[in-house]
Amino acid sequence: KTFKAMIPVNKLMIVDDDELSNYITGKIVEHAGLAEKADSFYSAKAALKYLKTNSSMRQGDYPDLIFLDLNLYDMKGWDFLSEYIKLKESYRRKITLFLLTNSIAEKDREQAKKFPCIKGYLHKPLTMGMIQEIELYLTKKKEYAFRS
């Protein structure tokens, strides 16, 4: 049985400098019908610039969902998050952020718990099971519990 997401998000932002990973994530999201549009940002700095620019607009454009990798060439995911949490709270409240990373380090899991904006810790590659759990979170705002 093929799973299809019941309530797709309008816009997904993938922040990951690995082109293959972005391609696979995009295809899985497309196959599941999770997002109307998925934008890949290969640079954390470019993704932050986009978010900062749009958060300052009265009718700013925002992604409904962000998948963030921790290991990026231009800026670590933790540095991205330190800047992200400085955005207007009213803007961030509209966005759901999940880590999507290769890191299996327990210290990264523990660090993630210090950021209330992170709703889940996912290990690459993204799977249909993960998308089902993301959908459950989005529809019921169920606590995600930092597991892969």
Side-chain angles (χ1 to χ4, degrees), residues 1-48 50-51 54-55 61-148:
K1 182 178 174 185
T2 302
F3 169 76
K4 282 287 187 187
M6 294 177 65
I7 56 151
V9 298
N10 290 324
K11 190 176 202 176
L12 166 67
M13 174 186 274
I14 303 167
V15 184
D16 191 336
D17 59 4
D18 181 337
E19 288 186 45
L20 180 59
S21 183
N22 283 355
Y23 177 79
I24 291 168
T25 299
K27 285 297 181 186
I28 291 169
V29 164
E30 180 185 318
H31 181 71
L34 180 65
E36 294 291 325
K37 182 178 184 195
D39 292 328
S40 290
F41 285 80
Y42 299 100
S43 159
K45 289 179 182 176
L48 271 174
Y50 174 87
L51 292 168
N54 285 288
S55 69
D61 190 17
Y62 63 92
D64 300 293
L65 182 61
I66 296 175
F67 289 148
L68 173 66
D69 188 16
L70 290 176
N71 302 310
L72 301 156
Y73 76 91
D74 65 341
M75 154 185 269
K76 293 292 178 203
W78 304 122
D79 298 326
F80 175 95
L81 287 163
S82 294
E83 291 300 312
Y84 175 81
I85 61 175
K86 294 176 186 175
L87 296 173
K88 290 183 210 170
E89 199 273 333
S90 60
Y91 181 78
R92 284 186 294 115
R93 190 179 327 128
K94 300 172 185 174
I95 301 169
T96 302
L97 190 147
F98 285 88
L99 294 180
L100 180 60
T101 184
N102 284 326
S103 175
I104 58 170
E106 190 57 36
K107 68 179 173 81
D108 285 340
R109 275 183 158 331
E110 291 305 312
Q111 180 73 10
K113 292 176 183 177
K114 296 177 184 175
F115 288 89
C117 62
I118 299 172
K119 302 307 177 193
Y121 193 103
L122 308 170
H123 288 135
K124 293 179 191 177
L126 186 67
T127 66
M128 295 303 270
M130 290 176 191
I131 287 179
Q132 287 175 312
E133 292 202 40
I134 291 166
E135 183 185 37
L136 183 63
Y137 175 83
L138 292 172
T139 56
K140 304 204 184 309
K141 296 296 182 197
K142 179 182 175 234
E143 190 56 40
Y144 190 74
F146 287 91
R147 57 194 173 91
S148 60

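We use all heavy atoms of the structure for the numbers below, so side chains are in, but hydrogens, waters and symmetry mates are not.
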Review point. When you look at Leu65 and Leu34, which way does the side chain to side chain contact (heavy atoms under 4.5 Å, CB included) test go after all the steps?
Key: CA-CA 10 Å; Leu65 182 61; Leu34 180 65; 3.9 Å; yes
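- Considering only heavy atoms from C-beta on, Leu122 stays 4.5 Å or farther from Glu133 through its side chain.
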**Study point:** Working for side chain to side chain contact (heavy atoms under 4.5 Å, CB included), residues Leu70 and Tyr121
**Key:** CA-CA 10 Å; Leu70 290 176; Tyr121 193 103; 3.9 Å; yes
Practice item. Any chance you could lay out the side chain to side chain contact (heavy atoms under 4.5 Å, CB included) test for Asn54 and Tyr62, step after step, and finish with the verdict? Key: CA-CA 7 Å; Asn54 285 288; Tyr62 63 92; 5.9 Å; no
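- By the side-chain hydrogen bond (donor to acceptor under 3.5 Å, both in side chains) test, Glu19 is found to be paired with no residue, residues two or more places apart in sequence or in another chain being considered.
- At least one side-chain heavy atom of Phe67 sits less than 4.5 Å from a side-chain heavy atom of Ile134.
- The list of salt bridge (Lys or Arg N to Asp or Glu O under 4.0 Å) pairs with a residue in residues 64-75, not counting sequence neighbours, reads Asp69-Lys124.
- Summarising the geometry, atom CG belonging to Leu99 is positioned 4.0 Å from atom CD1 belonging to Ile118; distances are rounded to the nearest 0.5 Å.
- Lys88 meets the salt bridge (Lys or Arg N to Asp or Glu O under 4.0 Å) test with no other residue; sequence neighbours excluded.
- For Glu89, the side-chain hydrogen bond (donor to acceptor under 3.5 Å, both in side chains) partners are Arg93, not counting sequence neighbours.
- Evaluation of the side chain to side chain contact (heavy atoms under 4.5 Å, CB included) rule for Leu20 yields Asp18, Ile24 as partners, not counting sequence neighbours.
- In this structure, Trp78 and Phe115 have parallel ring planes: the angle between them is below the 30° cut-off, well short of the 60° mark.
- Between Pro125 and Met130, the closest heavy-atom pair is O-CE, 3.6 Å.
- Under the rule for a salt bridge (Lys or Arg N to Asp or Glu O under 4.0 Å), the partners of Asp39 that lie at least two apart in sequence or sit in another chain are Lys11, Lys37.
- Formation of a donor-acceptor pair under 3.5 Å by the Lys119 side chain with backbone atoms of Pro116 is found in this model.
- Of the possible polar contacts, none joining the Tyr42 side chain to the Val15 backbone as a donor-acceptor pair under 3.5 Å is found.
- Of all heavy-atom pairs spanning Ser43 and Ala46, the tightest one is OG-N, 3.1 Å.
- The minimum heavy-atom distance between Cys117 and Ile85, with the atom names listed, is SG-CG2, 4.0 Å.
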Practice item. Go through the steps for Met128 and Ile28 under the test side chain to side chain contact (heavy atoms under 4.5 Å, CB included), then give the verdict. Key: CA-CA 7 Å; Met128 295 303 270; Ile28 291 169; 3.9 Å; yes
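- Between Met13 and Tyr50 the shortest side-chain heavy-atom distance falls below 4.5 Å.
- Annotation: side-chain hydrogen bond (donor to acceptor under 3.5 Å, both in side chains) contacts of Lys86 (sequence neighbours excluded): Glu83.
- Residue Leu72 holds its CG atom at 8.5 Å from CZ of Phe80, rounded to the nearest 0.5 Å.
- Remark: side-chain polar atoms of His123 are not paired, donor with acceptor, to backbone N or O of Thr101 under 3.5 angstrom.
- Going from atom OG of Ser82 over to atom NZ of Lys76 covers 13.5 Å, rounded to the nearest 0.5 Å.
- Applying the side-chain contact (heavy atoms from CB on, under 4.5 Å) test between Ser21 and each of Ile14, Asn102, Asp16 identifies Asp16 as the sole match.
- Here the straight-line distance linking atom CG of Asp79 with atom NZ of Lys45 works out to 9.5 Å at 0.5 Å rounding.
- Exactly one of Ile66, Val9, Leu87 qualifies for a side-chain contact (heavy atoms from CB on, under 4.5 Å) with Ile95. That residue is Ile66.
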